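What follows is a short report on a single structure.
These numbers were taken from a predicted model, which means no experiment stands behind them. Below, all heavy atoms of this structure are taken into account, side chains as well, without hydrogens, waters or symmetry copies. Order of appearance sets the numbers: ligands from 1, and atoms from 1 within every ligand.
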Amino acid sequence: MILVTGGAGFIGANFVLDWVEATGEPVLNLDALTYAGNLENLASLKDDPRHVFVHGDIADRALLDRLLADHRPRAVVNFAAESHVDRSIHGPGAFIKTNVEGTFTLLEAVRAHWLALDAAARASFRFLHVSTDEVYGSLGPGDPPFRETHPYEPNSPYSASKAASDHLVRAWHHTYGLPVLTTNCSNNYGPYHFPEKLIPLMIVNALAGKPLPVYGDGMQVRDWLYVKDHCSAIRTVLERGQPGQTYNVGGWNEKPNIEIVRSICALLDEMRPDPAGPYARLVKHVTDRPGHDRRYAIDASRIERELGWRPAETFETGIRKTVRWYLDHPDWVARVQSGAYRDWVDTNYAGRSTA
Ligand code: NAD
Ligand code: DAU
């Protein structure tokens, strides 16, 4: 079996579902169930013996030692993290705790487990760390997309904490020989995306007739990847990646935020027309995110050239599936908008004036 951390969050849950369907191999899923973790995402695996869920923290060494000894996974995929840039600006402490200290504790526990394996199991063991393109910092309009050799220049507490975790993973390979793999992926979107992030926030706000808060001029550029393509990339890297190597993962899909918001509005106009008028009437430019990175773009040619992976979805096909999913899952959408969610919306948006 494999150990997945953070498998109740957005990408982790999509990965667990994808993994069990694609490989049939059991998953031990360790997740602290923070505000971002949701077991409802994994409801279809509820009585499936191939999914074993453990509620716990990657910073809990005793728990990790017990789980590794009891289940003897052949690989670890580390998704567990605090993942939202705006939350890292309001409260960076949790990001250091999980993304830096948690990754350190996990690496140490996994290293002890790996060292105790027999030679064949040790050679085939893998630790895959799921990271982000944000560690590379911000690009100018004419700069080439990030390659794996781009210097690390993180700008937010979130990206700095992820950069630190990437450095720890790298060092555990170079110093101790732990067979690690790192993936640096661009912005994901798709089913089970918590509505604090741009795409699901715009969908749920539009459906509720609420303002669509676009930071600043809305011309910040991101590269967007449908989450199931990220899952297939991770499976590919786990299977065929070179230990010690890093792989950029992206959708070849650079778009400014305002264009993303307009595409969502146009799809909703088609799929769920609002008698009050086109959804784009709800767009509001609001005070920008402090330190907002202007542009990310990923050059995903290494993973294509060396491992034969390319995304299956275009933005047009992926966003249509995503909007459909939100329209088809009103109960999930309603349940994730708990009191804590509403508190976060107040914290992040109440003080922003209309730009
Ligand atoms: P998410 O916030 O939706 O989920 C994170 C999960 O980790 C949650 O289930 C949460 O409960 C769990 N978790 C948090 N702290 C934990 C701890 N101390 N111990 C155990 N579990 C803990 O995040 P996501 O968007 O699914 O991102 C998953 C990973 O992918 C993160 O490492 C993130 O940096 C990376 N990533 C995300 C994106 C993106 O666009 N969302 C892109 C590239 C990389
Ligand atoms: O690039 C990969 C990263 O993508 C991941 O590592 C992060 O975990 C993930 O959260 C995401 O970070 P971003 O900051 O790019 O994603 P977010 O959805 O928060 O914002 C996308 C863009 O939209 C960004 O330029 C900020 C803007 N935005 C966001 C929100 C929430 C708005 O204009 N309005 C909003 O209300």
Side-chain angles (χ1 to χ4, degrees), residues 4-15 29-39 41-42 54-60 63-64 77-89 94-95 97-99 101-103 105-106 129-136 138 146 154 156 158-159 161-162 165-166 183-190 192-202 205 211-225 227 230 234 249-250 255-258 260-261 283-289 292-298 345 348-349 352 355:
V4 168
T5 71
F10 162 48
I11 308 174
N14 275 286
F15 179 81
N29 180 358
L30 173 65
D31 194 296
L33 295 179
T34 68
Y35 79 91
N38 183 355
L39 281 179
N41 301 351
L42 297 160
V54 177
H55 184 189
D57 195 318
I58 58 163
D60 181 343
L63 173 65
L64 289 172
V77 183
N78 182 30
F79 291 96
E82 289 292 336
S83 72
H84 190 28
V85 174
D86 291 321
R87 286 188 192 251
S88 82
I89 295 167
F95 288 71
K97 187 98 197 78
T98 286
N99 302 0
E101 289 175 33
T103 303
T105 308
L106 183 62
H129 180 60
V130 181
S131 192
T132 169
D133 59 1
E134 302 205 7
V135 296
Y136 299 125
S138 187
F146 299 128
S156 72
Y158 163 69
S159 55
S161 69
K162 289 296 289 188
S165 68
D166 292 9
T183 53
N184 292 91
C185 188
S186 59
N187 286 59
N188 285 216
Y189 66 99
Y192 307 112
H193 205 179
F194 191 72
E196 64 183 355
K197 308 277 173 74
L198 180 74
I199 288 183
L201 181 86
M202 294 297 156
N205 277 17
L212 307 181
V214 172
Y215 296 163
D217 64 2
M219 290 307 292
Q220 304 82 7
V221 171
R222 298 290 183 267
D223 169 77
W224 295 94
L225 181 70
V227 63
H230 190 186
I234 292 171
V249 182
K255 293 197 187 298
N257 294 336
I258 190 69
I260 299 291
V261 175
V283 169
K284 290 253 173 327
H285 288 265
V286 299
T287 311
D288 209 348
R289 171 186 280 175
H292 199 169
D293 285 337
R294 196 67 184 166
R295 174 175 167 239
Y296 305 141
I298 275 280
V345 170
N348 194 40
Y349 296 97
R352 285 179 196 269

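In terms of protein heavy-atom proximity, atom 20 (C) of ligand 1 is closest to Ala32 N, 3.3 Å. Ranking protein heavy atoms by distance to atom 11 (O) of ligand 1, first place goes to Asp31 OD1, 2.6 Å. Annotation: atom 5 (C) of ligand 1 to nearest protein heavy atom, Ala81 O, 3.4 Å. Regarding atom 40 (O) of ligand 1, its nearest protein heavy-atom neighbour is Asn188 N, 2.9 Å. For atom 19 (N) of ligand 1, the closest non-hydrogen atom on the protein side is Ile58 N, 3.0 Å. Considering only non-hydrogen protein atoms, atom 31 (C) of ligand 1 sits nearest to Phe79 O, 3.3 Å. The protein atom (non-hydrogen) at minimum distance from atom 25 (O) of ligand 1 is Phe10 CD2, 3.7 Å. Nearest protein heavy-atom neighbour of atom 36 (N) of ligand 1: Ile11 CD1, 4.0 Å.
Residue Gly7 places no heavy atom under 4.0 Å from ligand 1.
Between Phe15 and Phe79, the angle of the ring planes lies from 30° to 60°, which puts this pair in the tilted group.
Not counting sequence neighbours, Tyr296 has no partner by the ring pair (Phe, Tyr, Trp, His ring centres under 6.0 Å) test. Looking at residues two or more places apart in sequence or on another chain, you find no side-chain hydrogen bond (donor to acceptor under 3.5 Å, both in side chains) involving Thr98. Shown here are the ring pair (Phe, Tyr, Trp, His ring centres under 6.0 Å) partners of Phe146, two or more places apart in sequence or in another chain: Tyr136, His150.
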May I have every N or O pair linking ligand 2 to the protein at under 3.5 Å, one per line with atom names and distance?
residue, atom, partner, partner atom, Å
ligand 2, 1 (O), Asp133, OD1, 2.5
ligand 2, 1 (O), Asn187, OD1, 2.7
ligand 2, 4 (O), Glu134, OE2, 3.4
ligand 2, 4 (O), Asn187, OD1, 3.3
ligand 2, 4 (O), Asn187, ND2, 3.1
ligand 2, 6 (O), Thr132, OG1, 2.7
ligand 2, 6 (O), Tyr158, OH, 2.6
ligand 2, 8 (O), Ser83, O, 2.7
ligand 2, 8 (O), Tyr158, OH, 3.1
ligand 2, 10 (O), Ser83, O, 3.2
ligand 2, 10 (O), Lys197, NZ, 3.3
ligand 2, 12 (O), Glu134, OE2, 2.7
ligand 2, 14 (O), Arg289, NH1, 2.6
ligand 2, 14 (O), Arg289, NH2, 3.3
ligand 2, 15 (O), Asn187, ND2, 2.9
ligand 2, 15 (O), Arg222, NE, 2.9
ligand 2, 16 (O), Asn187, ND2, 3.4
ligand 2, 18 (O), Leu198, N, 2.8
ligand 2, 19 (O), Arg289, NH2, 3.0
ligand 2, 23 (O), Asn257, ND2, 3.3
ligand 2, 25 (O), Arg222, NH2, 3.2
ligand 2, 25 (O), Asn257, ND2, 2.9
ligand 2, 25 (O), His292, NE2, 2.7
ligand 2, 33 (O), Tyr215, N, 2.8
ligand 2, 34 (N), Pro213, O, 2.8
ligand 2, 36 (O), Pro213, O, 3.3
ligand 2, 36 (O), Tyr349, OH, 2.6

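Of all the heavy atoms of Tyr158, the ones lying under 4.0 Å from any atom of ligand 1 belong exclusively to the side chain.
Salt bridge present: Asp217 and Arg294 bring a charged side-chain N and a carboxylate O closer than 4.0 Å.
When the options Ser159, Cys185, Ser131 are ranked by their closest heavy atom to atom 44 (C) of ligand 1, first place goes to Ser131. The nearest non-hydrogen atom to atom 42 (C) of ligand 1, considering only Gly56, Gly12, Ser186, comes from Ser186.
Near Asp57, meaning under 4.0 Å from any of its heavy atoms, are these atoms of ligand 1: 17 (C), 18 (N), 19 (N).
Here NE2 of His285 is found 4.0 Å from CD1 of Ile258. Values are rounded to the nearest 0.5 Å.
Looking at Asn187 next to ligand 1, no N or O pair under 3.5 Å apart turns up.
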